[in-house]
Amino acid sequence: MAIFCGAAWPSPEEVDIPPDVLPDLIALDVSGDARGGRDAYLDLDVGMVGGARFMATLGSSRFDSTKSDNTKRVVVTRTRIIGIRSNPLNTVGAGLEFENWGEEGSLIVRSWRVLLDVNTEHWFAAVRRQRREYTLYFRSGCRLCPATVTGRSASMTLELGYYSDGPWAVNLGYTRHDYDFNVRRVTSELQRESFSAATRDLASGFEDTRRSITVSYATEQSLWSVTQIKSISKVDGAETQFITLRASFSLDAHWRLNARLGRQRLAGSNQGVTFIGSGVAYSW
């Protein structure tokens, strides 16, 4: 859950605050998928001096891991994100973000992100630079083997958006990743039984490139959007496709109801995973 992406906030007029100040926001989101995964996220976005924003996210993902001997183990990965950015209402903005994700004793992924953006009446453009560090914890019986292995990656994301005078908006995104380690060899190691399901699942998530398009439709009381993502694996070049429908509804001057429905599948395959989520947001 990227906190730089923004949310469907009420307009300043709805919460009786000055038009040059964004409302503060706290939001809770829960979701699940057809594989039995369960996620919960709590987001906070509050104003600082000069219109700057402080943002934080706490998240937890839970799913059952089935081992080769058919025994089951509950795997929980946790997400912690903190970030600050300049006033989003300014024409030119910047931000910093740190994320810590993973499962203690098995895998920890730390990410640092820098954002630069330009926002005009009809156009939005952004550049995001990310550095990521992967720490894998080995649990083999080899005393001479290293207890941990660390790898790093860097990525660049470009975004371009257009907002019409009417209800429509379009956003395009492109991301490319570079790794300082042999992804195929690490992937082979991650498939070993000594690693948790969360760690092995990461092996299928080493991206090479990602392309996305989002089309949004806004009314006074609701916001609708559909997003299509195509992710190319660095491991084998396979393409994974995501499509997500999101909706946000204003309940009153402070409360909003959010919902989403999506599906993930490999290109050329009829099989996939369906996911669904919902949440509430309170602004003041």
Side-chain angles (χ1 to χ4, degrees), residues 1-34 37-47 51 53-62 79 81 83 85 87-89 93 117 119 121-124 126 159 161-173 212-229 241-264 272-284:
M1 180 175 291
I3 61 179
F4 279 148
C5 291
W9 298 337
S11 66
E13 292 78 12
E14 286 181 295
V15 289
D16 297 325
I17 62 177
D20 59 345
V21 178
L22 288 173
D24 296 331
L25 176 81
I26 186 169
L28 175 66
D29 181 271
V30 295
S31 62
D33 60 48
R38 298 292 182 268
D39 302 304
Y41 287 90
L42 181 66
D43 296 315
L44 178 66
D45 187 329
V46 296
R53 310 295 298 182
F54 171 80
M55 298 161 288
T57 294
L58 292 176
S60 178
S61 299
R62 175 189 175 103
T79 301
I81 306 175
R85 66 152 297 156
N87 190 342
L89 298 178
D117 63 19
N119 198 3
E121 181 180 359
H122 291 292
W123 292 94
F124 169 81
E159 288 189 22
Y162 175 76
Y163 306 95
S164 68
D165 289 325
W168 295 97
V170 178
N171 183 279
L172 303 175
S212 66
I213 179 171
T214 299
V215 178
S216 304
Y217 181 89
T219 70
E220 291 185 359
Q221 299 298 321
S222 64
L223 174 65
W224 299 82
S225 70
V226 59
T227 300
Q228 183 182 45
I229 296 174
Q241 299 177 352
F242 303 80
I243 186 165
T244 306
L245 174 66
R246 292 182 173 87
S248 179
F249 306 95
S250 176
L251 302 179
D252 58 28
H254 297 280
W255 288 95
R256 294 191 74 90
L257 175 66
N258 303 315
R260 70 181 183 276
L261 174 66
R263 186 166 177 81
Q264 168 191 347
V273 178
T274 300
F275 53 91
I276 187 171
S278 63
V280 293
Y282 179 79
S283 58
W284 68 95

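- Remark: R62 CZ is loosely packed, at most 12 non-hydrogen atoms of other residues, nucleotides or ligands lying under 6.0 Å away.
- The nearest pair of heavy atoms linking R53 to P23 is NH2-O, 2.9 Å.
- Contact detail for A34 and V273: the closest heavy-atom pair is N-CG1, 4.0 Å.
- The minimum heavy-atom distance linking L223 with S216 is given by the pair CD1-CB, 4.4 Å.
- The backbone N or O of G47 sits less than 3.5 Å from a side-chain atom of D24, completing a donor-acceptor pair.
- Remark: of the listed residues T244, I243, T274, T274 is the sole one forming a side-chain contact (heavy atoms from CB on, under 4.5 Å) with L261.
- Using the six-membered ring where Trp is involved, Y282 and H254 have ring planes that are parallel, under 30° apart on the 30 and 60° scheme.
- The two atoms that bring S250 and R256 nearest to each other are CB-NH1, 3.5 Å, heavy atoms only.
- The two residues N119 and W123 make their nearest non-hydrogen contact at OD1-O, 3.4 Å.
- Rounding to the nearest 0.5 Å gives a distance of 13.0 Å between CD of Q228 and CG of L245.
- For the residue pair T227/T214, the side-chain donor-acceptor check at 3.5 Å is satisfied.
- Atom-to-atom distance recorded for M55:CE and L44:CG is 10.0 Å, nearest 0.5 angstrom.
- No salt bridge links R263 with D33; every basic N to acidic carboxylate O contact stays at or beyond 4.0 Å.
- Ring-plane geometry between Y163 and F124 is classed as perpendicular, the angle between the planes exceeding 60 degrees on a 0 to 90 degree scale with a lower cut at 30.
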Hey, mind stepping through F249 and W224 against ring pair (Phe, Tyr, Trp, His ring centres under 6.0 Å) and telling me if it holds?
-> CA-CA 9 Å; F249 306 95; W224 299 82; 5.3 Å; yes
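- Within the model, atoms OG of S61 and CZ of R38 stand 11.5 Å from one another, a figure rounded to the nearest 0.5 Å.
- In this model, a donor atom of one side chain and an acceptor atom of the other lie less than 3.5 Å apart for S31 and R260.
- Of the possible polar contacts, one joining the D117 side chain to the G93 backbone as a donor-acceptor pair under 3.5 Å is found.
- The only option from L28, N258, V30 that meets the side-chain contact (heavy atoms from CB on, under 4.5 Å) definition with S278 turns out to be V30.
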